[in-house]
Amino acid sequence: MRTKHYCHVCGTRLTKKFFEERERLFCPQCQYPVYENPLPATAAVVMNENHEVLLVKRNVEPKAGQWCLPGGFVEMGEAPEQACLRELKEETGLEGEIHRWAGNIISESPVYQWVIVMGYSIKNVRGRLTAGDDCSEAVYFNPVALPTIAFRSHREILRNVLETQRHEEPINKKLLPGVQGDGFLEKSPPGRRRQENFGAYVITSGNHIEIAERACSAGARILQYREKHAGRGEMVKTAREIRKITEKYGTLFIINDFIDIASIVGADGVHLGQDDIPIAEARKIVPSGFLIGRSTHSLEQAIEGEQQGADYIGIGPVFATPTKENYIPIGIDTVKQVVETVGIPVVAIGGLNLDNIAELHKVGVKNFGMVRAFQKNTEEVVRRINQIEPRA
Ligand code: 3NM
């Protein structure tokens, strides 16, 4: 970040002064320290009567050509709420009133170091929708089919608003198209709980039950039952056994691919691939708090998974692996980008072992998904991984 040299109040050259236990920039004229606060910005969540979300397409850097919520920096002397409504008017032609605060999200900026984005939902919206200042388009989108939103802070703010709405309006047929019958809807989630990181993400293969017992007894927080060949009847039996084991040790139990089996045995969640049913559809039939993980293979898919409401994503294959043939390894740089971009837990997967996880840890990976590496010395592998990364 660029250093400040002059006092923004009186113009005197700043000095450094040891003040209240640390060295600070100080104005000798005003006798005040200069604090480097995050730069304040705002983002507005506007929805129309069809519960569609208003996005604008940026025509300025950063992220020119990409979509985001209307908003921008707070001007000098302006309150954040005023700034939010002013930016909304400038970018979309719409006027409205602040409905609710929707979260403060801190994000890192290459220019300003830290930006604090204050989100607000907007009510009583009026005016003619016209793309204006800094954007080329302003369009309402169905929340289950949004384009990629460029900023993580905006994605989190929007998610806060949508989750609050789910709490308040669970029977919202516009937001949950095609859902019928109130009894069925009662099972729909009012909102998802925020997931913590897991450390070792154990995926069973071969002797599933034995691996489950070993991994859970060693302290695995999460375990996925992944079976690509057995019949469904046999899978239900094995899954029931694993459910008992995971329950005994307090391990989260996820079933790969099969939402029906996950539901039958009372698992904690399901893991869905890119070709499986959409997350929004899955949410309609699972109980509140049920975890949905999504496999992703690029930054775009990772962002999409988060936007669609996944509780966590897998990203991979990081390295070449016979367990997932025919996929091109994405490499550590992409994993780094994903970890820096999405706000939900990211499980790196594909070709991981005790020898290469340190380099992933260096780029911010906190969750390590493996199949083959848990087949031998399961307890030791789980313990070693969980030692590297104390759970956040
Ligand atoms: N999913 P191993 S890679 C199950 O990229 C799985 O989504 C992947 O196996 C993905 O630890 C993978 O034996 C295989 O390499 C991981």
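All values reported here derive from a predicted model rather than from experimental measurement. Any value given below was found using the heavy atoms of this structure, including those in side chains, with hydrogens, waters and symmetry copies removed. In each ligand, atom 1 is the first atom listed, and ligand 1 is the first ligand listed.
For H297 and Y327, the ring centers sit closer than 6.0 Å to each other. Note: F198 and F368 fail the aromatic proximity criterion, with ring centroids not under 6.0 Å apart.
At under 3.5 Å, not a single nitrogen or oxygen of T296, backbone or side chain, sits near a nitrogen or oxygen of ligand 1. The shortest N or O to N or O distance between A373 and ligand 1 is not below 3.5 Å. Here's the thing with V371: one of its N/O atoms is less than 3.5 angstrom from an N/O atom of ligand 1. An N or O contact shorter than 3.5 Å links G316 to ligand 1 by distance. Considering both main-chain and side-chain atoms, G351 comes within under 3.5 Å of ligand 1 through a nitrogen or oxygen pair.
Ligand 1 places these atoms under 4.0 Å from at least one heavy atom of T321: 2 (P), 9 (O), 13 (O), 15 (O). Contact atoms of ligand 1 toward H297: 5 (O), 7 (O), 10 (C) (distance under 4.0 Å to a heavy atom of the residue). Applying the 4.0 Å criterion to heavy atoms of R226 picks out, from ligand 1, the atoms 4 (C).
In terms of heavy-atom proximity, F151 sits nearest to P62 at CZ-O, 4.3 Å. In terms of heavy atoms, F374 sits closest to A200 at CZ-CB, 4.1 Å. Here the shortest heavy-atom pairing between V335 and A348 reads CG1-CB, 4.3 Å.
When the options K324, Q224, Q375 are ranked by their closest heavy atom to atom 8 (C) of ligand 1, first place goes to K324.
Only one option out of R155, R294, Q301 pairs with E306 in a side-chain contact (heavy atoms from CB on, under 4.5 Å); it is R155.
Cluster annotation: L129 is connected to V125 through the hydrophobic network of ILVMFWY side chains, with a link wherever side-chain heavy atoms come within less than 4.5 Å.
When only non-hydrogen protein atoms are considered, atom 10 (C) of ligand 1 lies nearest to I349 CG2, 3.6 Å. At the top of the distance list for atom 14 (C) of ligand 1, counting protein heavy atoms only, stands T323 CB, 3.6 Å.
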Subject >> K63 and D134: CA distance, side-chain angles, deciding distance, salt bridge (charged side-chain N to carboxylate O under 4.0 Å, His left out) verdict >> reply: CA-CA 11 Å; K63 315 267 187 191; D134 296 350; over 6 Å; no

